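Side chains are part of it too, since the values below use all heavy atoms of this structure and drop only hydrogens, waters and symmetry mates. Small disclaimer: the values here were computed from a predicted structure and weren't measured.
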Amino acid sequence: MSIFKRKPKWQPLVCRPTDIIELFRQDIAIDAPLEDLTIEINGKPHNIGISSEYDSRKCVYSEVCFYLDDQFFRTLEGFAAKCCVDGVLFSEMKTITILRENLNSGDPRNYVLLAQREMK
């Protein structure tokens with residue numbers, strides 16, 4: 001018997017785009033506006049998330065920006081209303097697949113919201 005156990009390889013998580021938007025809303029509410037996901041839409045990978053600047057002297061985030069590939073929005077409402085993929089509004093898509101998350105967070109099922117809303 002080995003004392004080292006392999007971590008199980010996780011599978012992609014399928015959810016609705018509105019679940020991603022709700023995750024972003026939670027990140028803002030807890031003052032943690034940083035997110036980096038790789039999702040798949042129509043068989044192609046896309047980068048989606050939140051970026052911001054952190055001022056360590058004031059302990060605050062500033063210049064929050066929501067993005068999907070090369071589209072950038074200053075507000076979550078603007079992101080939800082205008083972000084498109086292949087001419088389709090992101091927020092109106094039926095499902096998306098999260099391929100992997102940034103290397104620091106690991107499995108997207110670590111987010112309770114996404115795990116609860118996973119579509120099987």
Side-chain angles (χ1 to χ4, degrees):
M1 185 167 129
S2 174
I3 61 170
F4 298 104
K5 293 184 180 180
R6 290 186 183 191
K7 282 188 171 183
K9 198 171 191 182
W10 59 274
Q11 297 297 316
L13 186 145
V14 177
C15 63
R16 294 178 305 262
T18 54
D19 298 329
I20 298 292
I21 292 168
E22 185 61 28
L23 176 67
F24 290 174
R25 194 175 318 283
Q26 284 186 359
D27 290 342
I28 297 301
I30 64 169
D31 197 28
L34 295 170
E35 202 64 68
D36 183 23
L37 301 166
T38 300
I39 61 173
E40 180 180 82
I41 300 172
N42 300 328
K44 295 183 276 184
H46 298 272
N47 294 317
I48 187 171
I50 308 171
S51 67
S52 61
E53 295 292 322
Y54 183 72
D55 185 337
S56 60
R57 289 176 283 132
K58 296 179 183 178
C59 296
V60 296
Y61 288 96
S62 62
E63 299 189 31
V64 176
C65 180
F66 302 88
Y67 65 88
L68 190 138
D69 294 334
D70 59 353
Q71 300 173 70
F72 298 92
F73 303 89
R74 290 281 175 208
T75 66
L76 186 55
E77 292 75 20
F79 177 87
K82 297 178 182 176
C83 184
C84 292
V85 177
D86 298 332
V88 178
L89 195 60
F90 175 75
S91 62
E92 293 182 357
M93 294 180 170
K94 292 188 184 223
T95 62
I96 54 127
T97 303
I98 300 174
L99 298 177
R100 68 171 176 81
E101 196 169 354
N102 64 38
L103 298 176
N104 296 327
S105 299
D107 192 334
R109 287 171 185 83
N110 290 341
Y111 288 115
V112 173
L113 180 131
L114 294 179
Q116 289 174 341
R117 297 186 183 181
E118 180 178 13
M119 301 177 78
K120 298 179 183 190

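Rounding to the nearest 0.5 Å places CZ of F24 at 6.0 Å from CG of L37. Atoms SG and CD1, on C83 and I20 in that order, are 11.5 Å from each other to the nearest 0.5 Å. In this structure, CD in E92 is found 11.0 Å from OG1 in T18, a value given to the nearest 0.5 Å. Between E35 atom CD and L23 atom CG the span is 4.5 Å, to the nearest 0.5 Å.
Residues G78 and T75 approach most closely at N-OG1, 2.9 Å, considering heavy atoms. Heavy atoms only, all atoms of each residue included: K94 and R16 are closest at O-CG, 3.4 Å. Across every non-hydrogen atom of S91 and P17, the tightest pair is CA-CB, 4.2 Å.
The shortest distance between side-chain heavy atoms of I50 and D27 falls below 4.5 Å. Counting heavy atoms from C-beta on, the side chains of R74 and E63 come closer than 4.5 Å. Looking at heavy atoms from C-beta onward, T97 lies out of side-chain contact with L13 at the 4.5 angstrom threshold. Proximity of V85 to K44: side-chain heavy atoms (C-beta onward) are nowhere separated by under 4.5 Å. Put simply, the side chain of I96 does not reach to within 4.5 Å of the side chain of V14, judged on heavy atoms. Taking the side chain as every heavy atom from C-beta outward, E40 and P12 never approach each other to under 4.5 Å. Between P45 and I39 there is no side-chain heavy-atom pair separated by less than 4.5 Å. You'll find the side chain of T38 stays beyond 4.5 Å of the side chain of H46, heavy atoms only.
D36 and N47 share no donor-acceptor pair across their side chains, judged by distance under 3.5 Å alone.
A donor-acceptor pair is defined here as one N or O able to donate and one able to accept, closer than 3.5 Å; such a pair exists between the side chain of Q71 and the backbone of C84. Using modelled atom types, no side-chain atom of S52 and backbone atom of V64 make a donor-acceptor pair closer than 3.5 Å.
Y67 and I21 end up in different hydrophobic clusters when Ile, Leu, Val, Met, Phe, Trp and Tyr side chains are linked at under 4.5 Å. One hydrophobic cluster, built from ILVMFWY side chains closer than 4.5 Å, holds both F66 and V88.
F90 pairs by the ring pair (Phe, Tyr, Trp, His ring centres under 6.0 Å) definition with F79, not counting sequence neighbours.
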